[in-house]
Every structure is written in C-alpha cells, then in structure tokens.
Visitor: 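Supplied in structure tokens, the structure appears directly below.
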Amino acid sequence: MQGMRQGIFEIVKEALESARKDGLIKTGEIPACSVDTSKKEEFGDYSTNVAMLLAPLEKKPPRHIAEVIKDRIAAFPQVEKCEVAGPGFINIFLKKSYWLSVLEDIVRQGSGFGRSKAGEGKKVQVEFVSANPTGPLHIGHGRGAAVGDALANILKAAGYDVAREYYINDVGRQMETLGRSVFLRHQELLGKKITFPEDSYKGEYIKEVAADFISKNGERYKEALEADAVPVFSLFAGGALLERIRKDLKDFGVEFERWYSEKSLVEKGLIEATIEELKKRGCIYEAEGALWFKTTGFGDDKDRVLRKADGSRTYFASDIAYHREKIERGFDTIVDVWGADHHGYEGRVRALVKALGYDDSVLKIIFIQLVALLRKGVPVPMGKREGEFVTLRQVMDEVGVDACRFFFLMRRSDAHLDFDLELAKSQAPENPVYYVQYCHARIKSIIGFAREKGAGVPENFDSRLLSRLDQKDEVELIKHLGSFGEVVERSAIAMEPHRVTFYLMELAGLFHPYYNKNRVVTEDPELTGARLLLCGAVATVAANGLKLLGVSAPDKM
RNA sequence: GCGCCUGUAGCUCAGUGGAUAGAGCAUCGGCCUCCGAAGCCGAGGGUCAGAGGUUCAAAUCCUCUCAGGCGCGCCA
C-alpha cells in the first residue's frame, strides 16, 4: 500500500478537482498544502490546511472554502466524516476498516513492510568514516559510521540504489609520518636508543604494529637508513592499521561496497587529468611558485592551492580528483559524511563540482558533530595528538554494539552528543536502547506464551476478527504502525536517520502502556487472535526499524 | 574580523509555516498471587536566548544583537 498520508492527499486533490469542475473554485493550481496527522483526537485522523492557502487566491474566507470541499472529501468510501474547524482546517475522520487494512498489510509484508519505491532507483553513494589509516578509529568515527550506515540502510529501504564507500588516504605526508613512527619504534624495540620527533604518532598501537613488523621481518631493518625504511614501514603500517579499521567496522556492523584508495587515484593519473580539465575550463593559474584552483569563481572564500611550491600536492588535489571520479561514476547523488570540524571544506568542494559544470545539488554533505564522552557525567579526556583518545573498539566492547549505535542515532547528526558510557551499558530503565528492544522481546514472549496456551497468531484477516480491535489505544497503535513507511521516506529524503530512532521510541511508548492496560491472551479466542495480530505487527515494525539502525531485535533479553 | 552549526522544561534533546510547544532523565507519589516491572500510572516544571520583520498563522522563514562550539594554512 502506498503511504496513508499520500492516499489522503489524493482524496483532497480529487475533492478540489471536483469542486473546480462544478465552478465552486476557480484556482486551477493546487497550492502546496499540507496533509498532516492530527495532533488531537478531536481533530480527526488527518488535517489539511488547503482551504486557508486557497483563501487569498479565491478571495473568500477560508472557512467558506473549507465548507465547499468538506462534503466532497466525506463522500469517499474510506472517510467516516469530515469537519471544518478553527481558522479553516479540514479535519478528516477515517473509517475503522481503513486502519484494519493497514494491519493486514503489515502482516502480509512482514520484513518488507516500510519499504517503498520513493527513491525510484536513483543511484546514491554514501561515503563515510574514511579515516586515515594512521591509527585506530575513535569514538567520533563511530558516530560517523553509525550515521552513514543507517542512512544507507534507510535510503535503500526508500527505494534508492545505494553504495557505501570508504575513501582511504593512503598516500601523503601523514603516511610518511606513520612509517617513520613505526620504524623508530621498531628500532627502539630492537634495543636502539631513539629520540622521537615532535610530529610522530605516539600511541600504544604504534608499538604493537612495530612488534608485529619485527615478528614478520626480524631485524632486517634495524640499521636501515630512515629514507630507505620509511616507505617499507609506511606500507606495512598502513596495511596493518587499515585491517584493524576494517575489523572494527565489521564488528560494528558496517560493510562497504567499496574501499577507494587515494593511491589508486594517483596511479591512474586522475589527479593530473582533473587538473587538466580545470585548466581547460580556465580555473587554474600559477602564482608564487604554486598551482592554484580559482575556487572563488564558484562561491568559495579564497582560491586553493593544488600543487605547492615544493612540487608536492595538497590533500585537496586528491579530493578534487576523487569527487570528480565519484560524479562521473554516474551517481545521482553523492553524500559525504564529514566531521563537523571539516565544514570549512565544503565551499571548495562545492566549487569543484560547479567548476566541472555540474549542479552542486548532486553533492550532499552531512556533518557529524563531535562526541563528548562521559562517564557518570564526568568528561573523558580525548585528543588524538596526546595519544590518549578513546577508541571505537573500547567503547563498543564496553557498552555493546547495539547500545553504541543506538546512542549515536538518538540525536540529529549536527547536534552535540553526550555519550555517557555508564548510561549506555546500564540495564537501568533510563537507558533508551532497551526500551525499544524490550518491546520486541516482550511481544515475542507473549506470542510464545499464547502458543503454550494453544493460541496462535491468526493467519487470515476476516473483518469480524479485526473489528475486535476497536479501542482508542489500538487504533492509535495501528495508525502509528501505518506511518512507518512515511517516516522512512522522510528520513531518507531529509537524510536524517535519527527520525527512525525517534519513531521507534514512540512506537514502544505506545505499546508498553497498551500492554500494561490490556490483557492479550484471554479466554476469548477471537479477541486473543486480534490482539496477537496487533502485537505481532508491532514486533514486525520494531524489528524492521531496528534493522535500519543496525541494532538487533532480540527475542529474549 | 569573516563563515558554518547550535541556543526549546533543572539536565539531555525532539518538533516537514498551523490549532493548548512534546519526550526521556532527574524530583515527588503510586502499581507485580495474573501474558516479561529493562514496564506502567499520576504530579509539578516553559519569556522556544533577545529584539524587530514577513504571514490569516512563526520554535520553524528574513534581519540584527547576545551566548557557546567549530572552521578560516602552499596541514591532513
């Protein structure tokens, strides 16, 4: 079934059309009106503001127009009644049978419920994490991973053709620094006295990689010249750390379609090719010994250097080649998930897209605000330079993947996130992860209990059975279940995964009170069947939603 | 100084231009002989940072001010 709200929108549209045919409305174009689920019961199931928007065009009072449309809406078979209220809202009340068909839909579609074709198969690439292989992933990368992965899931569910990609910065000075750091540590481990330069990586993991190197290569490089050794150690360390990153992400539940190496860009000559193209377009000039990209011609604050006076390329030079390559691979939209500290970078990348002659709306950048890690409300110190950062591995080992991902998805991406370790791993009521999972487990348990009593979830949907679900809270639950697909769609379009998280917390927030008030398994087989059907649908939607977030839906906890 | 983000209940945060602004936590008071108490019920708590403006209608859009965060390299 198409989204319910969409269905209502069609009804409103047809009602307007018919009013127009009868000469009661002159405006041909229907204004961009809203059709919303009503906030209050007395306002019906759905409300539209179309009459208020039409009023100035028709030069008639909104309530007058509403009256004209009202009866035409009420004439539709799904509609119970229709009222005009307040300044000119049209409140639509639907027949109960309409909601029951939603329930049937959920049971029939099962794990497919919530999927749609809204994205029309458009190709979207989501590039996220893309941390340099110079150290383990930290907590901030974790948030980016959770958001990027959930976003990809949601886009896919909404009918987009999605590819996840990780861009590996595997060349450049930082890789040299990494190589040198490991080389020096390895010499130290072999008994040489070493002084470490200021800019070297000092984390414990450097020693681990150095030890690993020794176990594989012995002492061959103990006396090697730094210039000879660094490339060898860079390659080794980069590979080892990338493996570690892959493993961390896999254990975190994230898998990429493609890992794109910056080195491969260099080897394929794509950087030079991109510069050539920009040259042809007149966007490149030389000054003070450096090669510049005139990004200011496309809205950037200042022009950017691509090749420094010393002949080496900037990071941005790789980036223009990579983004050009991504667009040319034929994606309708490319999404970059970046740490919020990179927002200064947006202007120059947009400039590139425009300079290449594309509409920069193909590029969507999602900024991930950094995570403040707390323990019982006290900040945990972070900072990669000091080598005392908290890794994603530590956090997911301590609090578990489910809680970790859920917490990362509880906030808008660009909002600050306080991540309290003690709260995340506590099984206390104040931990919201369990609220949703518990809802699922509880239902599974109820269904198990019912089965022991000889009652199963009914297979057929005869209307008599379903008509037993006539309480307010039951209709309310069904209504909420029915909006799941819409939430997924909107979450996809807005690229805001947290909407799904909130939806699930709301769903659990409707189910728990319902469960507490109503007994599911009773002596009345028909009522039992109907309620089991409802509960089953709640469990299905909860599971489908959690799946989008990459959080498990356990049968038992 | 310039740019981006943020400012909503004691705290952490939701809130596609719509009707009386919501939730969780915290606080206080209740609920397990009965399908999972990781749950439920109830109570209190608000100048939506402030000032203008647009609109029939603004937490939401525009301008300015204030406060916090981040960014402004031939670093990555």
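Labels below follow one simple rule: chain letters A, B, ... track the order of the sequence lines, proteins then strands, and each chain is numbered from 1. Computed from a predicted model, the values in this text were never measured in an experiment. Any value given below was found using the heavy atoms of this structure, including those in side chains, with hydrogens, waters and symmetry copies removed.
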Visitor: Do you know which of A:Tyr260, A:Trp259, A:Tyr322 makes side-chain hydrogen bond (donor to acceptor under 3.5 Å, both in side chains) with A:Glu165?
Guide: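 That would be A:Tyr322.
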Visitor: Which is it for B:C28, anti or syn, if anything within 90° of zero counts as syn?
Guide: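 Anti, since the glycosidic angle lies more than 90° from 0.
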Visitor: Return yes if the base of B:A76 and the side-chain atoms of A:Thr134 contain a donor-acceptor N/O pair under 3.5 Å, otherwise no.
Guide: no
Visitor: Does the B:A76 base have a donor-acceptor partner in the side chain of A:Asp341 within less than 3.5 Å?
Guide: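 Result: no qualifying N/O pair found.
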Visitor: How do A:Lys556 and A:Ala309 order along RNA chain B: which one's closest nucleotide is nearer the 5' end?
Guide: A:Lys556
Visitor: For the side chain of A:Met557, starting at C-beta, report the closest nucleotide among B:A38, B:A76, B:A19.
Guide: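 Nearest to the side chain of A:Met557 among the choices is B:A38.
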Visitor: Is A:Arg531 close enough to B:C35 that one of its side-chain N or O atoms is under 4.0 Å from OP1 or OP2 there?
Guide: no
Visitor: Just the rounded figure in Å: distance from C1' of B:A19 to CD1 of A:Ile90.
Guide: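 Computing the A:Ile90:CD1 to B:A19:C1' distance gives 15 Å.
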Visitor: Give the rounded distance in Å between these two atoms: CZ of A:Arg348 and P of B:G71.
Guide: 13 Å
Visitor: State, without any angle test, whether A:Gln174 and A:Asn169 hold a side-chain donor-acceptor pair at a distance under 3.5 Å.
Guide: no
Visitor: Does the ring of A:Tyr345 carry A:Arg348 above it, NZ/CZ under 6.0 angstrom from centre and within 45° of its axis?
Guide: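 Ring-cation test returns yes.
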Visitor: Could one point to a donor on the side chain of A:His343 or the base of B:G3 with an acceptor on the other under 3.5 Å away?
Guide: yes
Visitor: Tabulate atom names and distances for all N/O pairs under 3.5 angstrom spanning the protein and nucleotides 10-14 of chain B.
Guide:
{"from": "B:U12", "atom 1": "O2'", "to": "A:Arg411", "atom 2": "NH2", "distance (Å)": "2.6"}
{"from": "B:C13", "atom 1": "OP1", "to": "A:His416", "atom 2": "O", "distance (Å)": "2.9"}
{"from": "B:C13", "atom 1": "O5'", "to": "A:Arg411", "atom 2": "NE", "distance (Å)": "3.3"}
{"from": "B:C13", "atom 1": "O2'", "to": "A:Arg411", "atom 2": "NH1", "distance (Å)": "3.3"}
{"from": "B:A14", "atom 1": "OP1", "to": "A:Arg412", "atom 2": "N", "distance (Å)": "2.9"}

Visitor: So that I know where these two stand, are A:Tyr46 and A:Phe9 an aromatic pair - ring centroids less than 6.0 Å apart?
Guide: no
Visitor: Nearest of B:A76, B:C56, B:C35 to any side-chain atom of A:Asn132?
Guide: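 Of the candidates, B:A76 comes closest.
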Visitor: What's the closest nucleotide to the side chain of A:Tyr438 if the choices are B:G18, B:A76, B:G36?
Guide: B:G36
Visitor: Please report the closest heavy-atom contact between A:Phe406 and A:Val551, naming both atoms and the distance.
Guide: N-CG2, 4.1 Å
Visitor: Taking any heavy-atom pair under 4.0 Å as a contact, classify A:Asn91: base, sugar-phosphate, or nothing.
Guide: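 If one applies the 4.0 Å heavy-atom cut-off, A:Asn91 turns out to touch a base.
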Visitor: Counting only side-chain nitrogens and oxygens, does A:Lys302 get under 4.0 Å of the OP1 or OP2 atom of B:G73?
Guide: yes
Visitor: Pick base, sugar-phosphate or nothing for A:Asp199, based on heavy-atom distances below 4.0 Å to the nucleic acid.
Guide: nothing
Visitor: Does A:Asp319 reach a base, just sugar-phosphate, or nothing at all? Heavy atoms under 4.0 Å.
Guide: nothing
Visitor: Counting side-chain heavy atoms from CB outward, which of B:A19, B:C35, B:C75 is closest to A:Arg173?
Guide: B:C75
Visitor: Could you go through residues 440-456 of chain A and list every donor-acceptor pair under 3.5 Å that involves a side-chain atom there, pairing it with any protein atom two or more places apart or in another chain?
Guide:
{"from": "A:His440", "atom 1": "ND1", "to": "A:Ala553", "atom 2": "O", "distance (Å)": "3.3"}
{"from": "A:His440", "atom 1": "ND1", "to": "A:Pro554", "atom 2": "O", "distance (Å)": "2.9"}
{"from": "A:Arg442", "atom 1": "NH1", "to": "A:His512", "atom 2": "ND1", "distance (Å)": "2.9"}

Visitor: Taking all heavy atoms of A:Leu507 and all of A:Leu477, pick out the closest pair and write down the distance.
Guide: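 Taking A:Leu507 first and A:Leu477 second, the nearest heavy atoms are CD1-CD2, 4.0 Å.
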Visitor: Taking atom types as modelled, is there a side-chain donor on A:Asn91 or A:Glu83 under 3.5 Å from an acceptor on the other?
Guide: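 There is no such pair between these side chains.
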Visitor: Counting the atoms with a prime plus P, OP1 and OP2 as sugar-phosphate, which does A:Ala51 contact under 4.0 Å by heavy atoms, base, sugar-phosphate, or nothing?
Guide: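 Result for A:Ala51 = nothing.
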Visitor: Between A:Ala290 and A:Ile447, which residue's closest nucleotide on RNA chain B lies nearer the 5′ terminus?
Guide: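 Here A:Ile447 is the residue nearer the 5' end.
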Visitor: Please determine if a side-chain N or O atom of A:Tyr515 lies less than 4.0 Å away from the OP1 or OP2 oxygen of B:C34.
Guide: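 A:Tyr515 to B:C34 OP1/OP2: no side-chain N or O under 4.0 Å.
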Visitor: Using whole Å, what does the distance between atom C1' of nucleotide B:C41 and atom CG of A:Leu510 come to?
Guide: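 Distance check: A:Leu510 CG to B:C41 C1' gives 16 Å.
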Visitor: Hey, are A:Asp336 and A:His323 close enough side-chain-wise for a donor-acceptor pair under 3.5 Å?
Guide: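 Yes.
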Visitor: Scan A:Arg304 against the nucleic acid and name what it touches under 4.0 Å (heavy atoms): base, sugar-phosphate only, or nothing.
Guide: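 Nothing, no heavy atom under 4.0 Å.
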Visitor: Indicate, with a heavy-atom threshold strictly under 4.0 Å, whether A:Ser445 touches base, sugar-phosphate, or nothing.
Guide: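 Here A:Ser445 touches the bases of the nucleic acid.
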Visitor: Decide if atom CD of A:Glu42 counts as having more than 12 heavy atoms of other residues, nucleotides or ligands within a radius under 6.0 Å.
Guide: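 Yes, because the 6.0 Å sphere around CD of A:Glu42 holds more than 12 heavy atoms from other groups.
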Visitor: I need the CG-P distance between A:Leu306 and B:G73, as an integer number of Å.
Guide: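 Roughly 16 Å, once rounded to whole Å.
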Visitor: Over how many whole Å does the gap from A:Lys60 atom NZ to B:C56 atom C1' extend?
Guide: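 Distance, rounded to whole Å: 18 Å.
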Visitor: Check the distance between B:G39's P and A:Asp473's CG and give it to me in whole angstrom.
Guide: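 Rounded to the whole Å, the gap is 19 Å.
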Visitor: Evaluate whether the aromatic ring of A:Tyr435 and the six-membered ring of the B:A38 base sit under 5.5 Å apart, centre to centre, with an inclination under 30°.
Guide: no
Visitor: Is it the case that B:G18 (base atoms only) and A:Asn49 (side chain only) share a donor and an acceptor within less than 3.5 Å, ignoring hydrogens and angles?
Guide: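 Checked by distance alone, the answer is yes.
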Visitor: Which is true for A:Glu288 with a 4.0 Å heavy-atom rule: it touches a base, it touches only sugar-phosphate, or it touches nothing?
Guide: base
Visitor: Please report, rounded to the nearest Å, how far the P atom of B:A23 is from the CZ atom of A:Phe511.
Guide: 20 Å
Visitor: Could you go through A:Asp310 and A:Ser312, starting from their C-alpha distance and side-chain angles, then the distance that decides it, and tell me whether this counts as side chain to side chain donor-acceptor pair (under 3.5 Å)?
Guide: CA-CA 6 Å; A:Asp310 68 4; A:Ser312 65; 2.7 Å; yes
Visitor: Considering just the side-chain nitrogens and oxygens of A:Lys308, establish if one lies under 4.0 Å of OP1 or OP2 belonging to B:A76.
Guide: yes
Visitor: Whole-Å distance between B:A58 C1' and A:Met52 CE?
Guide: 14 Å
Visitor: With under 30° as parallel and over 60° as perpendicular, where do the rings of A:His342 and A:Trp338 fit, or are they tilted in between?
Guide: tilted
Visitor: For RNA chain B, what dot-bracket results from Watson-Crick or G-U pairs at under 3.5 Å, with [ ] for crossers and | for inter-strand partners?
Guide: (((((((..((((....[...)))).(((((.......))))).....(((((..]....))))))))))))....
Visitor: May I ask you to say what A:Ser47 touches in the nucleic acid, namely base, sugar-phosphate or nothing, with a heavy-atom cut-off under 4.0 Å?
Guide: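 Base, at least one base heavy atom under 4.0 Å.
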